[in-house]
Undergrad: 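One structure follows; several queries about it will come next.
Heavy-atom basis, side chains included; hydrogens, waters and symmetry copies ignored. Position 1 is the first residue of the sequence, and the numbers go up from there. Small disclaimer: the values here were computed from a predicted structure and weren't measured.
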Amino acid sequence: MSRPYTIALVGNPNSGKSSLFNVLTGLNQKVGNFPGVTVDKKTGVSKITESLTAHIIDLPGTYSLYPKSADEQVTYEVLLNQKNADKPDLIIVIADASNLKRNLLFCSQIIDMQIPVIIALTMMDIARQRGITIDTTALSQAMGVPVVPVNPRRNKGINVLKKAISERQQSIAHTLPDFIDIEALTGEWLQEVKALCGLSSNYAALHVACNYAELRYINAAQRIRIAALLGEARFHKSKVQADEIMLRYKKIDTVMKQCVTVENPEHKVIMSDRIDKILLHPVWGNIILLVVLFIIFQSIFWLASYPMNWVEQGFSLAGEWLSKIMQSGLVKDLLINGILAGLSGIAVFVPQIMILFGLITILEDSGYMARISFLTDRIMRSAGLNGRSVMPLISGMACAVPAIMAARTIQNRKERLITIMVTPLMSCSARLPVYTMLIALVVPNRSFLGFLNLQGIVLMGLYLLGFFMALLVARVMNFIIKTSERTFFLMELPAYRAPRWKNVGVTMIEKGKIFIRDVGKVIIVLSLILWALAAFGPPAQMRAVEEKYNALLLQHPEQRVEIEHHHATEKLEHSFAGIMGHTIEPLIRPLGYDWKIGIALITSFAAREVFVGTMATLYSVGDTEAGKETLRDKMREAKRDNGLPVYTLAAGLSLLIFYVFAMQCMSTLAIVKRETRSWKYPVIQFVYMFGLAYLSALAVYQLFQHVQ
């Protein structure tokens with residue numbers, strides 16, 4: 001089978017590369033990992049013409065061919081290694097027209113790799129706003145490669161780009177002149193390195209000379225010979241690299257003068273600059289950030305309340321209907337109190353998950369998310385991190401797994417490790433169902449000034465608590481982990497743009513589907529297991545309970561309802577699930593929890609949101625009035641042996657604090673192990689987070705128990 005025609009997309013971060021990848025591939029995408037590393041590999045299939053279908057690879061964003069992070073190293077490996085399975089037949093370099101000079105540096109390096117290249121110019125609208133006019137025909141002639149303006153967000157220029165790809169694929173391969181004279185920087189020995197390693201360009205040979213000791217595809221004999229050549233030539237890596245960059249910028253300056261016109265550059269201030277004067281202000285910027293976060297958490301309660309009520313009513317009606325049409329027995333109990341109860345416990349929170357992701361997408365699409373990194377850089381540095389850690393931490397509000405993977409872009413190993421260790425303290429979307437259910441149980445639904453909702457304020461407080469605890473733990477780890485490596489935070493702020501509402505809607509729907517599909521699988525399995533554990537127990541004990549209540553029914557038939565209620569409760573306590581809960585109850589009693597909460601703590605280690613499904617199953621097993629009460633009603637009415645409510649303010653707040661800090665997620669531990677390549681760090685992470693959760697929950701319970 002012949003190798004498919006392969007196109008690699010490369011470019012600087014925030015240049016529009018991912019948008020172009022999405023337009024070219026549509027839904028024909030998949031995500032894996034590059035061989036030997038944990039960096040994401042996004043690939044897809046694109047129909048260029050009727051006769052040409054291309055394999056598209058979206059390589060990680062990088063500023064130059066001198067890698068500083070794991071992501072940039074992957075791009076370097078794919079482009080430089082002649083034997084790499086992903087070696088492209090064509091490279092599309094995505095260049096930001098509003099920052100053309102900086103982008104042309106990377107373009108010129110790619111051109112010198114002697115692989116066919118097309119430059120796709122994005123952000124042309126932003127360039128025009130800044131008074132920048134680019135002669136694309138002249139630019140194409142100056143660079144020696146096709147230049148195509150595109151706007152992936154509006155699907156403009158894509159057909160022209162596909163035509164350029166087709167023409168490039170059909171053209172006879174030929175060698176372009178180097179953008180700069182590489183051999184003039186080194187000497188004749190470069191040709192021997194080129195021949196020795198079977199390389200296609202002088203520039204590839206220079207990179208092998210600079211990095212031969214680290215490149216995995218250079219064998220021992222080649223390393224020995226290259227080392228000898230460099231010794232004879234008195235090769236100085238840093239000097240040659242500096243000279244190369246200077247030569248490139250010298251020629252790029254000439255290209256810019258020929259092809260680019262800037263109108264009144266001193267006075268041209270676009271709207272983004274005016275907005276940034278307010279949103280990045282050291283005082284007003286932070287106040288606005290807090291207001292934005294406040295609106296988000298208020299909206300999660302306010303906007304989601306209606307669809308949540310509809311979902312609850314729907315499941316309640318379904319339970320009542322099934323209860324009426326089905327005969328009593330094991331199958332009815334399994335369906336209503338096992339499967340339906342488990343699903344209802346998680347489906348009710350899907351609207352909140354969708355709204356959270358929708359609002360986050362709006363922040364990302366508008367360009368404001370990057371400003372949050374800039375604003376929080378100072379507070380990050382106080383904890384021994386920098387602004388690069390903000391994006392993984394913010395991503396942790398959605399899910400810790402991709403957030404921890406996003407830490408790969410952090411160059412400093414110490415900062416990357418600390419970021420990985422504290423990211424799970426950020427409240428992820430899996431915690432949201434637990435938070436909202438417990439807040440609704442124990443926090444009064446009161447409003448202040450007509451628009452400030454107390455429950456929304458508490459929810460925002462939990463998220464902020466996780467964030468500031470992450471900073472505090474990072475500060476402690478900064479003192480413990482020693483390194484002399486220093487890094488600087490440089491970040492390009494994208495221009496403000498109107499959110500793509502279609503993208504927001506698609507993201508909300510997709511995240512809702514993923515939440516139902518991925519979490520639903522776990523919920524169904526655990527609900528079935530829990531139902532079985534709660535419905536069955538040691539035969540002798542269960543038989544004794546049955547005999548006891550059968551006798552009571554014969555003696556007091558007029559008290560049937562009350563006796564059946566006590567029967568169901570005692571049967572659950574003597575079940576396998578009840579035995580598990582009672583076993584750990586002495587450990588969790590000081591926190592204000594009963595044995596049912598203990599079972600939920602155990603099962604929710606699979607995933608935090610399983611807590612809700614567990615509660616739904618436990619409070620439904622033995623329910624003779626199936627479907628007539630919502631889970632929140634049942635939990636609100638739950639009583640201890642002494643007649644006091646289980647979910648008091650003290651117990652509810654204690655449980656909320658426990659879930660803010662506890663590592664209740666197997667997937668997160670697995671990804672930490674994969675990213676750190678050691679079990680040491682996930683074990684440390686689990687122990688410190690559990691200890692922090694237990695002690696904090698204990699303190700909160702003791703405090704509010706006396707306040708009440």
Side-chain angles (χ1 to χ4, degrees), residues 1-4 6 8 10 32-39 41 57 59-60 62 64-91 106 108-117 173-245 247-248 408 411 413 485 677-678:
M1 185 176 177
S2 61
R3 182 177 180 271
T6 303
V10 302
N33 289 115
F34 286 98
V37 294
T38 55
V39 176
K41 177 183 181 180
I57 303 175
L59 291 176
T62 180
S64 77
L65 276 181
Y66 291 108
K68 295 180 180 179
S69 67
D71 281 8
E72 292 180 344
Q73 187 68 42
V74 163
T75 300
Y76 187 70
E77 160 78 15
V78 170
L79 297 181
L80 197 65
N81 184 1
Q82 301 280 345
K83 299 177 182 178
N84 193 296
D86 294 314
K87 191 178 190 307
D89 301 297
L90 171 70
I91 299 174
F106 188 41
S108 71
Q109 290 176 319
I110 297 297
I111 289 169
D112 282 345
M113 295 298 296
Q114 292 299 326
I115 302 172
V117 170
H174 62 282
T175 302
L176 292 170
D178 287 333
F179 188 81
I180 60 171
D181 189 350
I182 305 294
E183 195 172 351
L185 292 170
T186 57
E188 295 180 359
W189 58 265
L190 190 68
Q191 293 303 318
E192 185 171 345
V193 173
K194 182 179 176 181
L196 180 68
C197 299
L199 301 170
S200 59
S201 69
N202 290 335
Y203 192 49
L206 174 61
H207 275 275
V208 168
C210 290
N211 303 301
Y212 68 92
E214 291 84 27
L215 298 174
R216 290 175 294 176
Y217 53 86
I218 303 298
N219 62 42
Q222 290 170 331
R223 284 194 177 94
I224 292 170
R225 181 54 187 156
I226 293 170
L229 286 171
L230 298 183
E232 292 170 9
R234 297 182 179 179
F235 176 72
H236 294 286
K237 175 180 173 180
S238 299
K239 182 180 184 303
V240 171
Q241 288 179 344
D243 289 344
E244 177 211 333
I245 299 301
L247 271 177
R248 289 191 185 281
R408 298 167 186 162
Q411 299 165 13
R413 185 180 179 277
E485 188 180 0
R677 300 182 185 274
S678 169

Undergrad: Does atom CD of E188 have more than 12 heavy-atom neighbours from other groups under 6.0 Å away?
TA: no

Undergrad: Is there side-chain contact between K194 and L190, with heavy atoms separated by less than 4.5 Å?
TA: no

Undergrad: Report the distance from atom CD of Q109 to atom CZ of F179, rounding to the nearest 0.5 Å.
TA: 10.5 Å

Undergrad: Within the distance-only criterion (no hydrogens, no angle test), does the side chain of R225 pair as donor or acceptor with the backbone N or O of L196 below 3.5 angstrom?
TA: no

Undergrad: If you define the side chain from C-beta out and look only at heavy atoms, does anything of T6 sit under 4.5 Å from K87?
TA: no

Undergrad: Hey, does L206 have a side-chain heavy atom less than 4.5 Å from the side chain of E244?
TA: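 Yes, side chains in contact.
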
Undergrad: What distance separates I182 CD1 from S201 OG, expressed to the nearest 0.5 Å?
TA: 8.0 Å

Undergrad: With a 4.5 Å cut-off on side-chain heavy atoms, are D112 and I110 touching?
TA: no

Undergrad: Run the side-chain contact (heavy atoms from CB on, under 4.5 Å) test on W189 and L230 for me, step by step, so that the C-alpha distance in whole Å, both residues' side-chain angles and the decisive distance to 0.1 Å come before the verdict.
TA: CA-CA 8 Å; W189 58 265; L230 298 183; 3.5 Å; yes

Undergrad: Are H207 and V193 packed together at the side-chain level, in the sense that at least one heavy-atom pair is separated by less than 4.5 angstrom?
TA: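 They are not in contact (no side-chain heavy atoms under 4.5 Å apart), so the answer is no.
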
Undergrad: Look up atom CG in L229 and atom CZ in F235, then write down how far apart they are to the nearest 0.5 Å.
TA: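 CZ of F235 is found 11.5 Å from CG of L229.
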
Undergrad: Before you tell me yes or no, could you show the steps for L199 and V208 under side-chain contact (heavy atoms from CB on, under 4.5 Å), namely the whole-Å CA-CA distance, both residues' side-chain angles and the distance that decides it to 0.1 Å?
TA: CA-CA 9 Å; L199 301 170; V208 168; 3.6 Å; yes

Undergrad: If we only count heavy atoms from C-beta on, is the D178 to N202 side-chain gap below 4.5 Å?
TA: yes

Undergrad: So which heavy atom on M113 is nearest to which on A204, and how close?
TA: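 Reported closest heavy-atom pair: CE-CB, 4.1 Å.
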
Undergrad: Do C197 and I226 have side chains that approach each other closer than 4.5 Å (heavy atoms only, starting at C-beta)?
TA: yes

